[in-house]
Amino acid sequence: MPKPFKHNNISLAMERAGQWVFSQGIPTDVVVEVGEFSFALHKFMLVAKSNHIRELILESKEFDCTRIDLSGIPGGAETFERVANFCYGVNFEITVHNVAALRCAAEYLEMTDSYCKNNFAGRTEDFLSQVALTSLSGALAVLKSCEELLPMAEDLKIVQRCVEIASAEVCFEANFPSRSPQNWWAEELTILGITFFAKIIASMTWRGAKVFTLASAIIAYAERSQCDVVNDYSRNSTESSLYSGKSDAKTRQRELIESIVALLPSEKSAFPIRFLCSLLRTAIFLRADNSCKFELENRISMILEHVTADDLVVLSFTYDGELFDLESVRTIISGFVEKEKTIEVFSADDFGELCSRAMRGVAKTVDAYLGKVANSDELSITKFNGIANSVPKSARKVDDHLYRAVDIYLKAHPYLDEIKRVKVCSVMDPLRLSHQARVHASQNNRLPVQIVLHALHCDQLKLTRGVYDDNMLMDARTARNYLQIDVSLIKENEALRTELLKMRMCMRDVQRSQGTPYRSSVKKHTFLSSLSKTFGNLNPFKHIRKDSSNIDDEMVDLTTPRRERFSIS
């Protein structure tokens, strides 16, 4: 906070004049009225500094003007008191909180340097440029005081100067933080009214401020305004005050929320989901304009895949936990579904069969949201089914989460008859429940009999299909094993043929080396007999046996029983 500015340069003659007036007890000759306040003063002291007061005295129809009305002076009686002190040479302080009012009062009273040297307008202008507008806090304090000084503060360019300096300081501090927390400047901006705050946001945008810098300022400002709404509701929580909207406070709050929404940048990722949901909740609570609610609903629907069930619950309940709005949630979901339909990957024909990962995630969020609001007594079947059916059925692989929401609704509304319970259960498909959910549904006495029968039939059908699929899987495994065995046998047979061919070639070479001609005209023997004969010739003990030395190789007895022959089987 800058030090208060003091009039150290007031002329000694003026000081002596003021002291002489008070010391001599000279009677006053004019009464200045400022609203309900009156000031008994001396004409010559006022006329010496104010050209406006001089003209009022000269233009007065009275011969001796004794009363002057200055109710239109900026800043009111408190400001005029400081002006009078300046005229009398009495020392006083100028601060960032009163300098704008004093500057406007000096202009209103025509206390310029052209009328009198070292006049009040010049002194206040020096304080503005040398002290008040040299820091962000000083510029914001001056700007805040200008809210009661319009339009003169704008005519004197005080508002414009404050806005430019404040926006420049904020942009610099956002890019090059000098103290912690880094967004301390966002809290500083919350002292302003929405009109001046919007001017600073516009100036920051013109200076090229980053989107997240703008978002930080808007979020801090909106949270402060929402706290005012909550505090007002806590003090006036009756039904009439909640929805009447006739009080001035409610009207100002509604206009404030609408103005904040109008300031939001177009980038959809600039604001957190929870902030947008809470802002929409406040707009619904204050019954803001439809365009304001539509803007927030559209922003949320664009990023609905990042919204949680708790975020959607925020939109549906009042500050004391009563359900009061579901239409916005349904609008948000419908907007997201329409956006998904326009994606190039999904045409209008196959959207019923294919859904994106985001759409499946939203379906889970919606089912979880229904489970959280299903126990509300104010939730009708029509609204429950409307939200459940707003998501394409193809977006759910299984209906387990939806079944849980249905079960919670039936438990919270035990008075429903069979027809109404069937209507509630119509949003889910018993054939798309998991095995655990079907088992639970088959034992759930809250469900209609028709739904239980569907669950039992589906479970039996799934079981039958499961066995059939297992048999098919077993046959496939067996066939694969047999195929592997056949391949191995084929390889073994090929290897055996190769060995047999090599052995036949070896037999032919042996016969030639022994001088025995190879006769192909002999009786054709079987392959096994030839093989046995060959092994017989290769027997190293053939010539040692006494009874087999004269046996001709060609006369092997082929009638010998199979078990007595050497064979390969």
Taking all atoms of both residues into account, what is the closest heavy-atom pair of [X] and [Y], and its distance?
X: W185; Y: A217; value: CZ3-CB, 3.9 Å
X: S216; Y: A186; value: O-CB, 3.9 Å
X: L149; Y: A101; value: CD1-N, 3.4 Å
X: A77; Y: F37; value: CB-CD1, 3.5 Å
X: K339; Y: S301; value: NZ-O, 4.4 Å
X: K49; Y: C116; value: NZ-SG, 3.5 Å

Test item: [X] side-chain N/O and [Y] main-chain N/O as donor-acceptor pair under 3.5 Å:
X: S334; Y: T331; result: no
X: N119; Y: A121; result: no
X: S50; Y: L109; result: yes
X: D367; Y: K364; result: no
X: N175; Y: C171; result: yes
X: Y409; Y: L379; result: yes
X: E258; Y: D289; result: yes
X: Y88; Y: L41; result: no
X: T365; Y: G361; result: yes

Quiz prompt | side-chain contact (heavy atoms from CB on, under 4.5 Å) assessment of L189 paired with I201 | solution = CA-CA 10 Å; L189 296 177; I201 293 297; 5.5 Å; no
Nearest 0.5 Å please: distance from the [atom1] atom of [X] over to the [atom2] atom of [Y].
X: L312; Y: I333; atom1: CG; atom2: CD1; value: 6.5 Å
X: F197; Y: L192; atom1: CZ; atom2: CG; value: 8.0 Å
X: L286; Y: L256; atom1: CG; atom2: CG; value: 9.0 Å
X: N85; Y: E93; atom1: CG; atom2: CD; value: 12.0 Å
X: E125; Y: D113; atom1: CD; atom2: CG; value: 10.0 Å
X: L136; Y: S167; atom1: CG; atom2: OG; value: 9.5 Å

What I'd like to find out is whether the side chain of [X] reaches to under 4.5 Å of the side chain of [Y], using heavy atoms alone.
X: F196; Y: L140; value: no
X: I57; Y: L46; value: no
X: I53; Y: L70; value: yes
X: V96; Y: S135; value: no
X: L150; Y: V159; value: yes
X: M111; Y: C87; value: yes
X: F336; Y: I332; value: no
X: L264; Y: L296; value: yes

Do [X] and [Y] have a side chain donor and acceptor closer than 3.5 Å?
X: N51; Y: R54; answer: yes
X: S203; Y: E164; answer: no
X: S114; Y: T112; answer: yes

Quiz prompt | Sidechain N-carboxylate O distance under 4.0 Å for D310, K372 | solution = yes
Practice problem: Considering only NZ, NE, NH1 and NH2 on the basic side and carboxylate oxygens on the acidic side, decide whether E147 and K199 come within less than 4.0 Å. | Solution: no
Quiz item: Would R254 and C292 count as a side-chain contact (heavy atoms from CB on, under 4.5 Å) if you check the C-alpha gap in whole Å, the side-chain angles of each, and the deciding distance to 0.1 Å?
Solution: CA-CA 10 Å; R254 179 166 54 250; C292 173; over 6 Å; no
Quiz item: Angle class for the F172/F176 ring planes (parallel below 30°, perpendicular above 60°, tilted otherwise)?
Solution: tilted
Practice problem: For side chain to side chain donor-acceptor pair (under 3.5 Å), just list the numbers for S178 and E173, CA-CA rounded to whole Å, side-chain angles, deciding distance to a tenth of an Å, and then say yes or no. | Solution: CA-CA 7 Å; S178 61; E173 188 65 28; 2.8 Å; yes
Can you confirm whether more than 12 heavy atoms, excluding those of [X], are under 6.0 Å from its [atom1] atom?
X: R404; atom1: CZ; result: no
X: H413; atom1: NE2; result: yes
X: E267; atom1: CD; result: yes
X: E154; atom1: CD; result: yes

Exercise. Just do the side-chain contact (heavy atoms from CB on, under 4.5 Å) check on F285 and K250 with the steps written out, would you?
Key: CA-CA 10 Å; F285 172 77; K250 280 289 196 299; 4.3 Å; yes
Quiz item: Checking R224 against Y221: charged group under 6.0 Å from the ring centre and within 45 degrees of the axis?
Solution: yes
Exercise. Could you walk me through whether I260 and I194 pass the side-chain contact (heavy atoms from CB on, under 4.5 Å) test, one step at a time?
Key: CA-CA 8 Å; I260 291 175; I194 185 60; 4.0 Å; yes
